[in-house]
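One structure is given here, and the rest of the page talks about it.
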Amino acid sequence: MFRKTATFLVPALMLAMMSIASLGQAAPTNITFSKQSYTTGPLTQGLVSGDFNNDGKPDLAVIDQEANHVSILLGTGGGLFTPGIDMPTGTQPIQIVSGTFTLTGKQDLAVANLDKTITVYLGHGDGTFLAETIALQGVPAALVAADFLNDGLTQLVDVECTQTNAGTCSLNVYQSDAHALFSRSLTIPLPGAPIDFGLIVSEDFNIDGKPDVAIATKTQVLVFKNVSSFNGTGNVKFTPLTTITPPNTSTIIGFTAGHFNAGAAPDLAIESFDNVNDTNFPNTDRVYLNTGTGTFFLKGQVPGTRGFGHNLGAADLNGDGIQDLLIEGKDIRADSIQYALGRGDGTFTTPVNIPNGERTTQLIVRDFSLDSRHDLAFTANNPLPGIEATDVLLNQNALTNCAPPGSGTLAVHICTAPTATNSLTVKAAGNSPNGVKRVELWVDGSKLTQAFSDQLNAKVAVAAGTHQVTIVGVDLYDAIVKKTITVTVP
């Protein structure tokens with residue numbers, strides 16, 4: 001494993017990648033799932049995925065707001081799980097993230113609690129943890145983790161308010177040393193309070209190789225640029241980059257970052273209530289495409305969304321190489337999760353329901369069964385008390401591509417690399433404890449294309465002769481790994 005500053009493709013090359021992603025296969029438009037449910041507490045609130053015992057199978061960590069604990073679900077293979085340990089949190093945990101807070105390479109956890117604390121769990125690598133506490137000045141409303149300094153350590157950024165999701169709020173950075181001793185290094189006042197928990201994401205919005213942060217307040221999404229030094233020393237620093245104010249919006253209730261068109265820079269999808277006086281609670285999902293510099297323009301709306309939607313997500317559900325939009329569709333008629341298939345140009349099809357009959361509180365996407373299809377996991381509050389659970393929906397019919405390596409370490413796998421006259425086709429996959437967010441294809445030292453996914457399926461033009469083909473995997477926190485093979489193109 002090694003680290004480097006990321007480089008990106010021009011949009012034309014990205015367009016080539018997306019247009020041939022399925023290489024002629026027809027992706028399904030109706031995605032089916034099989035459901036597994038796991039009892040994890042009386043009021044499950046959120047979850048995160050990681051490989052906490054380093055056995056190559058993704059695990060889950062689930063927080064419960066009533067029991068005040070985090071439950072570990074250990075993956076047993078095939079997308080199935082078994083209960084691990086329960087650990088106490090602070091009072092009323094509201095969000096959980098994974099990361100590596102020491103240089104041991106083992107998976108750690110951090111939980112934001114409404115009692116003005118963050119509970120940090122240092123992993124032993126066997127599914128057990130040692131807990132410590134960070135005292136906050138305000139009530140946390142959102143928490144995100146990233147390697148903002150490119151030093152191999154995961155730092156924490158949160159939003160804290162003087163009241164729960166109200167009052168005066170600020171963005172705060174908590175840095176750790178190699179021994180996971182955290183201290184606050186930065187506080188930036190925010191011009192408004194979030195209306196719901198967890199409205200924060202980290203992505204490299206201006207594609208300068210540094211992870212940035214976006215935060216949603218009640219009526220705006222604020223994007224902050226990472227201007228930290230990448231020399232391995234110093235503190236995390238942010239400056240304002242841009243602000244997005246959706247039209248006719250009374251309340252922003254959800255947003256996510258994704259790659260919705262051919263550009264290399266991350267885009268945003270923002271969901272808002274447009275009229276809270278309407279008893280149908282109409283909501284609008286708007287797509288904002290990135291100009292490539294960290295500024296955004298409104299592309300359009302996702303057709304047909306309505307109800308109590310929340311918790312947006314982005315992932316390739318049907319295996320066509322194009323990111324789709326996931327919407328927690330708390331519809332006034334029935335609770336469900338919805339997906340809208342992406343067309344690759346920033347537009348989407350009308351959302352389709354995945355009925356589940358439960359109110360989901362957080363949704364994540366990962367290939368839990370290691371079959372190259374993207375599955376769903378979410379915390380659910382059933383209308384009947386006492387049977388709240390963590391549900392896993394295993395994808396049954398998306399296109400398959402390349403079975404990934406196990407999740408115990410950051411690794412890539414090249415499944416096939418057949419050649420034809422002046423062309424090369426590569427199917428590859430990556431995995432890591434936190435998950436892989438990008439797979440790149442390099443030929444003779446030049447990056448030809450990339451997929452913003454843990455799966456890559458690409459056909460590229462190359463000259464006849466012998467070539468060095470390298471697959472690079474980039475994990476959630478920008479650590480990278482590579483694998484090189486030699487091919488001869490006729």
Q) Hey, are Thr40 and Thr44 close enough side-chain-wise for a donor-acceptor pair under 3.5 Å? A) no
Q) Going by an N to O cut-off under 4.0 Å, is there a salt bridge joining Lys299 and Asp345? A) no
(Q) Between Ser37 and Asp391, is there a side-chain donor-acceptor contact under 3.5 Å, judged purely by atom types and distance? (A) yes
(Q) With a 4.5 Å cut-off on side-chain heavy atoms, are Pro191 and Leu222 touching? (A) yes
**Q.** Check against side-chain contact (heavy atoms from CB on, under 4.5 Å), Ile364 and Leu60
**A.** CA-CA 10 Å; Ile364 61 174; Leu60 293 170; 3.9 Å; yes
Q.
Less than 3.5 Å apart, any donor N or O on the side chain of Asp51 or Ser407 sitting next to an acceptor on the other?
A. yes
**Q.** Residues Thr89 and Asn68: side-chain donor-acceptor under 3.5 angstrom
**A.** no
Q) Is a side-chain N or O of Ser176 found less than 3.5 angstrom from the main chain of Phe182, in a donor-acceptor match? A) no
(Q) Between Asp86 and Pro88 (side chain of the first, backbone of the second, donor and acceptor by atom type, cut-off under 3.5 Å), is there such a pair? (A) no
Q: Indicate the ring-plane relationship of Phe452 and His259, choosing parallel, tilted or perpendicular according to the 30° and 60° boundaries.
A: parallel
Q: Assess the side chains of Asp64 and Ser71: does a donor N or O sit below 3.5 Å from an acceptor N or O?
A: no
(Q) Whether the Thr245 and Gln220 side chains hold a donor-acceptor pair (N or O, under 3.5 Å, no angle test) is what I'd like checked. (A) yes
Q: May I ask you to test the Pro211-Asp478 pair for a side-chain heavy-atom distance under 4.5 Å?
A: yes
